[in-house]
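For reference, the structure is listed below as C-alpha cells.
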Amino acid sequence: MDTPLGTIAVVGLGTMGTGIAEVLARAGHQVIGIDTSDAAARRAVAALEAATARAVRRERITDRERSETLARFRACTDLRAAAEAELVIEVVPESYEIKQQVFRELDTIVSPATILATGTNALSVTRLAAESLRPERVLGLHFFNPAPAMKLVEVVSSVLTAPPAVEAVTALARSLGKEPVAVGDRPGFVADGLLFGYLNQAAAMYEANYASREDIDAAMRLGCGLPMGPLALLDLIGVDTARTVLEAMYAESRDRLHAPAPVLRQLSEAGLTGRKAGRGFYTYAQAGSQDVVPDALTPKDGASAAAGRPVRSVGVAGSGTMASGIAEVFAKAGYDVVLAARGREKADTAKARIATSLERSVAKGRLTAGARDAALARITPAGSLDAFADVDLAVEAVAEDLAVKQQLFGTLDKVCKPGAVLATTTSSLPVVAMARATSRPQDVIGMHFFNPAPAMKLVEVVRTVLTADDVHATVREVCAAVRKHPVDCGDRAGFIVNALLFPYLNNAIKMVEEHYASLDDIDAAMKLGGGYPMGPFELLDVVGLDVSLAIEKVLHNEFRDPGLAPAPLLEHLVAAGCLGRKTGRGFREHARR
C-alpha cells in the first residue's frame with residue numbers, strides 16, 4: 001500500500017465533502033468529486049470557484065494557483081470515476097446502509113491497492129470494513145467542519161486495518177497542513193466522543209428549564225472561553241446529526257450521559273434540525289442562515305418585574321486571589337469596598353495584591369494612573385467582619401467548605417444592617433444551606449465570579465427557592481454596573497458551567513484510563529477540533545486536581561448518575577499529592593514556581 005495518493009476521490013459532495021475536495025485540490029492532488037446528485041456536483045464546483053476567488057482577493061494564492069487548483073478538480077455523478085483513485089474518502093450520510101452500499105460498489109471498481117476511508121464520526125469503522133472484500137485497506141479519516149480551516153484529522157484504525165494504510169493517510173494529513181491524531185474505533189472517537197456528551201448535557205439542562213438557551217450558551221462562552229455555546233453549536237452541527245452520534249455512543253457505552261436528551265428527538269422529528277432548517281434551539285433568518293432572529297423564547301430587555309435595592313458600598317470577605325479580584329472589580333466600578341480578612345495583616349496583604357494588579361493594568365495601558373489611585377483609595381482593609389455594618393452588599397469569597405461558609409453567614413446575619421444583600425461566591429455548594437444559617441434567607445443569593453475576576457466577564461446568579469425578587473434584581477443591576485454578564489440559574493450543584501465542564505473533563509480522564517488515546521492527543525483534539533482554548537488535561541492541571549475531584553464528587557452526590565463518578569485515575573493522583581501546577585505535577589510535570 002505504499003502509494004503516493006496522487007489521485008483521490010471524494011464521494012459525497014455536501015458541505016464536508018466539498019471542503020475536503022478543496023483542501024486536497026489546493027494541496028496539489030488530482031481530485032475526483034462524486035455525488036449521485038448532479039445539482040450537488042455543480043454546487044461543489046461553484047463552491048470551489050468561490051473559495052479560490054476569495055483566496056485570490058485576500059492574496060493567499062495567485063490567479064495562476066487558482067486556475068491550477070480548479071483544473072485539478074472534476075465533479076461527476078458516476079461512482080466508476082473512482083477507478084483511477086489511490087484513495088477514496090466517502091462522506092455520504094451517516095447511515096450504515098448507505099455507506100456499506102458505497103463500499104460494496106467500490107470493491108468492484110477500485111484497484112486492490114486503493115485505500116478506502118470513511119469520514120464517519122458516529123458509525124463503526126470495523127463494521128464498515130468487515131463488509132469490504134479487503135478490510136485491511138479500510139480506515140477512518142475524520143475531518144472537521146469547515147475542513148479548509150480546521151486543523152484536526154482523526155485517523156481511525158480498526159483491528160483489521162493494515163499499518164501501511166494508516167501510515168499513508170497520516171502522511172497525507174500532515175502534507176495538507178493538518179494535525180493527524182491516531183485513534184481507535186469507537187463512536188465519536190476523541191473529539192466528538194467528548195464534545196457530544198457535553199452537548200447532550202446542555203440540551204438536557206435546557207429541557208429541564210434550569211436555564212435559558214441564551215444563558216447556557218453565554219455561560220460556556222464567557223466562563224470557558226469557547227467560540228460557541230453548546231445549543232448554538234448543536235444548531236450548527238445539526239440536531240439530527242447530534243442525535244445520530246449520541247445514539248451510536250449510547251449503544252456502545254450504555255452511559256446515561258450519552259442517551260440522547262428527549263428534546264433532540266422532538267426537534268429532529270419536527271424537522272427543526274438547526275441552521276440548515278432555519279430553526280432548531282434558535283430561530284434563523286432563513287434555512288442555512290447564521291443570523292439568529294427573535295422568537296417567542298427570546299428574553300425581553302429589562303424584563304425583571306422587581307426593582308433592585310440601592311448599593312453604594314460593598315463588603316468582600318476573604319483574603320485570597322478570588323476575594324482580591326472581586327474587591328478590585330467593585331473598586332474600579334466606583335463602589336466603596338471594605339475588604340475583611342481574618343486579621344488586619346491578611347487584609348493589608350490582599351490590598352497590596354490588588355495594588356500590584358492595578359499597576360499591571362496601568363503598565364499595559366488598560367488603566368490610567370489616576371483611575372488606579374482612585375480605585376485603591378476606595379478599598380478599606382479590615383481585620384474583622386464587624387466592618388461590614390454599613391455595607392449594602394456583602395460578598396463572601398472564603399474557603400469552599402460548607403461549615404466555614406455557614407459560620408460566616410451566621411456572623412454576617414448579626415453584623416450587616418437590615419436590607420443588606422448577602423452573596424456567596426461558591427461554585428459547588430448549596431446556596432440555600434448558607435441562607436438557612438441566617439434569619440433572613442430571602443436576602444441570600446449566589447454570585448459566582450470566575451477566576452481571575454477582573455478579567456472574566458461571567459457571573460452566575462444563583463437564586464434559591466427563598467431568594468426575594470428584589471435581591472435577584474439587585475445582583476443583576478450590580479453585575480451590569482461592574483460590566484459583568486449575569487446568567488440566571490437555580491441552586492443545584494455545579495450551576496451551569498461546572499455542571500457541563502467537569503463531566504467532560506472526567507470523561508477525558510476515562511479515555512486515558514482505557515488507553516484509548518494519549519494526554520497529548522486528547523488535548524490536541526479538543527483544541528484543534530473543538531476550538532477549546534485549553535485541552536482537558538491542561539485545564540485540569542491549572543484548576544487543580546484536588547479542586548476538580550471535589551467538584552466531581554459534589555456533582556455525583558447531587559445527581560447520583562454513575563457516569564458522573566470521579567475517574568479512579570483522578571482520585572489516585574490526588575491521593576498521591578499530584579495536584580497540578582501548584583504542586584509541580586499533575587497529569588504532566590510542571591516547573592515549580
Side-chain angles (χ1 to χ4, degrees), residues 314-327 329-330 337-343 346-347 350 382-389 391-417 420-451 453 456 458-468 471-472 474-475 478-479 486 489-499 502 543-544 546-558:
V314 178
V316 179
S319 58
T321 303
M322 181 59 83
S324 300
I326 293 170
V329 166
F330 281 114
V337 179
V338 178
L339 179 55
R342 289 181 299 176
K346 284 183 177 291
S384 162
L385 292 176
D386 291 339
F388 283 8
V391 301
D392 302 306
L393 167 65
V395 182
E396 71 78 14
V398 300
E400 192 73 345
D401 180 295
L402 184 56
V404 171
K405 289 182 185 290
Q406 286 177 315
Q407 183 178 11
L408 184 144
F409 270 87
T411 302
L412 292 178
D413 188 33
K414 297 181 179 71
V415 168
C416 293
K417 66 186 180 183
V421 174
L422 311 181
T424 172
T425 61
T426 184
S427 63
S428 58
L429 300 175
V431 177
V432 74
M434 288 165 249
R436 291 298 302 276
T438 75
S439 63
R440 40 175 154 174
Q442 72 279 2
D443 292 342
V444 179
I445 193 167
M447 197 173 182
H448 179 213
F449 287 80
F450 286 72
N451 202 21
M456 299 294 282
L458 181 69
V459 175
E460 289 179 320
V461 178
V462 187
R463 293 190 69 162
T464 77
V465 292
L466 303 173
T467 304
V471 168
H472 173 250
T474 300
V475 169
V478 167
C479 285
C489 48
D491 184 20
R492 72 180 203 187
F495 311 136
I496 296 174
V497 174
N498 286 347
F502 280 89
V543 170
D546 52 339
V547 174
S548 302
L549 178 59
I551 294 173
E552 289 289 356
K553 286 180 175 179
V554 168
L555 290 172
H556 185 226
N557 186 60
E558 173 99 340

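Only this structure's heavy atoms are used, side chains among them; waters, hydrogens and symmetry mates stay out.
To the nearest 0.5 Å, atom CD1 of residue I445 and atom CG of residue L422 are 11.0 Å apart. Going from atom OG of S427 over to atom CZ of F502 covers 7.5 Å, rounded to the nearest 0.5 Å. Atoms CE and OG1, from M434 and T464 in turn, are 10.5 Å apart once rounded to the nearest 0.5 Å. Interatomic distance, I551 CD1 to N498 CG, rounded to the nearest 0.5 Å: 4.5 Å. Atoms OG1 and CZ, on T424 and F409 in that order, are 4.5 Å from each other to the nearest 0.5 Å.
Across T426 and F495, no two heavy atoms sit closer than the pair O-CE1, 3.1 Å. Across all their heavy atoms, T467 and V444 have their closest contact at OG1-O, 2.9 Å. Among all heavy-atom pairs drawn from A433 and Q406, the shortest one is O-NE2, 3.2 Å. Considering all non-hydrogen atoms of both residues, A453 and G325 come closest at CB-C, 3.7 Å. Pairing each heavy atom of A317 with each of L385, the nearest pair is CB-CD2, 3.8 Å. Across all their heavy atoms, S428 and V554 have their closest contact at O-CG1, 3.3 Å.
Here D546 pairs with K582 under the salt bridge (charged side-chain N to carboxylate O under 4.0 Å, His left out) rule; sequence neighbours left out. A search for side-chain contact (heavy atoms from CB on, under 4.5 Å) contacts involving Q407 returns nothing, not counting sequence neighbours. Among residues two or more places apart in sequence or in another chain, the salt bridge (charged side-chain N to carboxylate O under 4.0 Å, His left out) test is passed with K417 by D392. Listed by chain and number, the residues in a side chain to side chain donor-acceptor pair (under 3.5 Å) with S384 are D386 (sequence neighbours excluded). Judged as a side-chain contact (heavy atoms from CB on, under 4.5 Å), and not counting sequence neighbours, the contacts of A499 are M205, L555. Listed by chain and number, the residues in a side chain to side chain donor-acceptor pair (under 3.5 Å) with T438 amount to none (sequence neighbours excluded). Not counting sequence neighbours, the partners of A350 by the side-chain contact (heavy atoms from CB on, under 4.5 Å) test are S319, S324, L339, R353. For A387, the side-chain contact (heavy atoms from CB on, under 4.5 Å) test picks out V338, A382, with sequence neighbours left out. Remark: F449 pairs with no residue by the ring-ring contact (aromatic ring centres under 6.0 Å, His included) rule, at least two apart or across chains. Partners of K405 according to the salt bridge (charged side-chain N to carboxylate O under 4.0 Å, His left out) rule, which considers only residues two or more places apart in sequence or in another chain, are E396, E400. In this view, R492 satisfies the salt bridge (charged side-chain N to carboxylate O under 4.0 Å, His left out) rule with no residue, not counting sequence neighbours.
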Please report the C-alpha distance between V462 and D491 in whole Å, then the side-chain angles of each, then the deciding distance to 0.1 Å, and finally whether the side chain to side chain contact (heavy atoms under 4.5 Å, CB included) criterion is met.
-> CA-CA 6 Å; V462 187; D491 184 20; 4.1 Å; yes
Are T474 and L393 close enough, and set up right, to give a side chain to side chain contact (heavy atoms under 4.5 Å, CB included), and what steps lead you there?
-> CA-CA 9 Å; T474 300; L393 167 65; over 6 Å; no
Applying side chain to side chain contact (heavy atoms under 4.5 Å, CB included), run through F388 and T411 and close with a yes or a no.
-> CA-CA 10 Å; F388 283 8; T411 302; over 6 Å; no
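Annotation: side-chain hydrogen bond (donor to acceptor under 3.5 Å, both in side chains) contacts involving residues 439-450, sequence neighbours excluded, comprise R309-D443, D413-S439, D413-R440, H448-E460.
In this structure, T425 contributes its side chain and M447 its backbone to no donor-acceptor pair below 3.5 Å.
By the 4.5 Å heavy-atom criterion applied to side chains, V421 and V475 are counted as neighbours. When side chains are defined from C-beta on, R436 counts as touching L466, because their heavy atoms get closer than 4.5 Å.
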